[in-house]
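Okay, so here's the structure we're looking at.
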Amino acid sequence: MEKKKVLVGCCGSVATIKLPVLINSFLDRNCEVEVVMTQHALHFVSLAEISPLVKVHVDEDEWTSWKQRGDPVLHIELGRWADVFVIAPLDANTLAKMANGLCDNLLTCVVRAWDVRKPLFFCPAMNTRMWEHPITSGHVNLLKSWGYQEIPCISKTLMCGDTGTGAMAEVDTIVQTIL
């Protein structure tokens with residue numbers, strides 16, 4: 001049986017600290033994993049914390065990998081490679097970008113070029129007040145109307161000390177849902 005190819009995207013939410021555990025959970029289940037990290041995600045996780053078995057792509061790679069006509073375009077190649085795309089965590093900023101079709105970094109370019117016949121899962125993670133803002137449900141519902149699948153956030157005490165809904169789903173929930 002061929003290994004499932006999982007592309008993990010992560011952005012500027014403190015829940016990015018769970019990225020190494022998420023990656024290892026997929027690797028433990030015999031998946032191939034590649035990761036796309038936004039510049040803000042790099043604030044929360046050092047590349048040294050990520051398994052050497054995993055290729056990590058950052059914004060700069062989009063521009064350094066292409067030199068001339070005929071060279072592969074990274075955001076297209078990642079979409080071709082992956083069987084499934086999971087954005088965990090998905091912060092409020094990137095959620096808004098996705099809902100409005102913006103593609104100003106590698107992650108949002110992959111989303112915009114994603115083959116919607118393949119599964120895309122998203123795991124919101126943000127402060128409770130951001131989660132409860134009226135625009136958020138509209139953005140989430142729009143993504144779901146495109147066939148993207150939400151793995152809902154949960155309620156708990158957040159890193160900032162607030163208690164409420166907005167924390168990223170537990171890693172086991174994410175992996176079980178996808179696999």
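Reckoned from all heavy atoms, side chains included, excluding hydrogens, waters and symmetry mates.
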Any idea which heavy atoms bring [X] and [Y] closest together, and the distance?
X: D162; Y: R129; answer: OD2-NH2, 3.6 Å
X: W131; Y: G166; answer: CB-CA, 4.3 Å
X: I151; Y: T173; answer: CG2-CG2, 4.3 Å
X: L27; Y: C31; answer: CD2-O, 3.6 Å
X: I154; Y: A169; answer: CG2-CA, 4.3 Å
X: P124; Y: C153; answer: O-CB, 3.4 Å

Can you tell me if [X] uses its side chain to pair, donor with acceptor, with the backbone of [Y] under 3.5 Å?
X: T128; Y: T165; value: yes
X: R29; Y: L179; value: no
X: T94; Y: L90; value: no
X: N24; Y: V21; value: no

Using side chain to side chain donor-acceptor pair (under 3.5 Å) as the criterion, list what pairs up with R117, not counting sequence neighbours. D115
Straight-line distance of [X] [atom1] to [Y] [atom2], nearest 0.5 Å:
X: M168; Y: T16; atom1: CE; atom2: OG1; result: 7.5 Å
X: N30; Y: K3; atom1: CG; atom2: NZ; result: 4.5 Å
X: L143; Y: S145; atom1: CG; atom2: OG; result: 7.5 Å
X: I50; Y: L19; atom1: CD1; atom2: CG; result: 4.5 Å
X: H43; Y: C11; atom1: NE2; atom2: SG; result: 14.0 Å
X: C123; Y: L22; atom1: SG; atom2: CG; result: 7.5 Å

Working note: K97 + V111, criterion side-chain contact (heavy atoms from CB on, under 4.5 Å); need CA distance, chi angles, decisive distance, verdict. CA-CA 10 Å; K97 288 180 181 185; V111 171; over 6 Å; no
For Q176, all residues meeting side-chain contact (heavy atoms from CB on, under 4.5 Å), sequence neighbours excluded: D172
Apply the side chain to side chain contact (heavy atoms under 4.5 Å, CB included) test between V36 and each candidate in D61, D59, L106, V58; give the one that qualifies. L106
Q39 CD: over 12 foreign heavy atoms closer than 6.0 Å: no
Exercise answer: donor-acceptor pairs, residues 75-85 side-chain atoms, under 3.5 Å, sequence neighbours excluded:
unit_1, atom_1, unit_2, atom_2, d
H75, ND1, E62, OE1, 3.4
H75, ND1, E62, OE2, 2.5
E77, OE2, R80, NH1, 2.8
D83, OD2, K5, N, 2.7

Does a salt bridge link E34 with K55, judged by any charged N lying under 4.0 Å from a carboxylate O? no
Taking I174 as the starting point, is it possible to reach V54 by hopping between hydrophobic residues whose side chains are less than 4.5 Å apart? yes
Pair L142, H139 - check side-chain contact (heavy atoms from CB on, under 4.5 Å), show working. CA-CA 5 Å; L142 184 59; H139 288 160; 5.7 Å; no
Assess K118 against W114: is NZ or CZ under 6.0 Å from the centre of the six-membered ring, and within 45 degrees of the ring's axis? yes
For T108 and N105: C-alpha separation, side-chain torsions, deciding distance, then whether side-chain hydrogen bond (donor to acceptor under 3.5 Å, both in side chains) applies. CA-CA 6 Å; T108 54; N105 60 34; 2.9 Å; yes
